[in-house]
Amino acid sequence: MNIILLGPPGAGKGTQAQRLVERHGMRQLSTGDMLRAAVKAGTPVGLQAKAVMERGELVSDAIVSALIGEELDSMGPDAGAIFDGYPRTEAQAASLDDILAQRGRKLDHVIELAVDEDALVERITGRYTCAQCGKGYHDTFEQPKQLGVCDKCGSTEFKRRPDDNEETVRTRMAEYRAKTAPILPVYEARGIVARVNGMAEMDHVTAAIEKIIAG
Ligand code: AMP
């Protein structure tokens with residue numbers, strides 16, 4: 001199964017992708033995570049991407065499509081793929097068609113997480129993760145049971161994404177509206193888009209996604 005999770009920053013794509021990974025052993029292919037790893041490692045791609053990401057703009061189509069191809073090649077042919085944060089432009093959507101076809105895969109579902117943009121800024125600027133295990137938290141909506149200690153692994157180190165500040169979030173949303181939202185009609189024409197209310201409680205969103213996947 002090959003699924004795209006589509007929605008603006010903060011819609012919950014990453015959270016829902018992680019849940020599908022845990023439940024179904026699928027692989028999450030997040031170009032944002034791949035780029036952050038490249039920045040951290042100081043690779044040529046990372047060096048190129050760092051400033052662009054800090055501004056909230058989009059990294060070049062060629063870079064992200066190459067990352068996706070490499071990641072798919074590292075997976076078994078039968079492993080399911082959840083695309084999270086990719087494709088983000090019409091050119092990337094066209095590349096993904098080729099990338100999948102070359103590997104004998106096809107897109108099963110594009111799941112749109114529909115959200116109220118005003119709520120997103122609060123969602124994003126309050127979020128942080130455990131530096132050790134990556135579990136996600138939020139200043140307002142989900143603090144650890146014991147403040148400052150990760151529920152999952154006990155670590156006391158946490159981190160925030162440098163691009164999760166209000167100014168950058170606004171740019172990221174504008175990029176979404178201008179460049180990513182236009183790819184929805186392309187998939188709608190193929191009859192593979194399902195819409196989920198991303199403002200619902202996380203478990204309800206997961207249940208709705210499960211239902212779509214179950215067919
Ligand atoms: P994300 O973690 O998906 O919010 O991505 C964080 C940042 O990485 C974005 O604001 C972009 O600068 C960059 N990025 C991630 N995925 C893509 C993509 N598919 N195309 C272009 N830039 C991307």
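Throughout, residue positions are numbered sequentially from 1 according to the sequence presented. Counting starts at 1 for both ligands and their atoms, following the listed order.
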> Do any heavy atoms of R36 fall under 4.0 Å from ligand 1?
Replying inline: yes
>> Side chains of Y128 and E142: any donor to acceptor distance under 3.5 Å?
In response: no
> Do the charged groups of D139 and R160 touch, with an N to O distance under 4.0 Å?
Replying inline: yes
> Would you call D164 and K159 a salt bridge, taking side-chain N to carboxylate O under 4.0 Å as the test?
Replying inline: no
Nitrogen or oxygen atoms of [X] and ligand 1 under 3.5 Å apart:
| X | answer |
| --- | --- |
| S30 | no |
| G85 | yes |
| L58 | no |

For [atom], what's the nearest protein heavy atom and its distance?
| atom | answer |
| --- | --- |
| atom 7 (C) of ligand 1 | M53 CE, 3.9 Å |
| atom 18 (C) of ligand 1 | R88 CD, 3.4 Å |
| atom 12 (O) of ligand 1 | E57 O, 2.5 Å |
| atom 6 (C) of ligand 1 | R161 NH2, 3.4 Å |
| atom 16 (N) of ligand 1 | T31 OG1, 2.8 Å |

Mode of [X] contact toward ligand 1 - side chain, backbone, both, neither (heavy atoms, under 4.0 Å):
| X | answer |
| --- | --- |
| D163 | side chain |
| R172 | side chain |
| L35 | side chain |
| Q92 | side chain |

> Would a distance-only check, ignoring hydrogens and angles, find a side-chain to backbone donor-acceptor pair under 3.5 Å from R103 to I99?
Replying inline: yes
>> Using only atom types and a distance under 3.5 Å, with no angle test, would you say the side chain of K13 pairs donor to acceptor with the backbone of G85?
In response: no
>> For the CZ atom on R55, are there more than 12 heavy atoms of other groups (residues, nucleotides or ligands in this structure) within a distance under 6.0 Å?
In response: yes
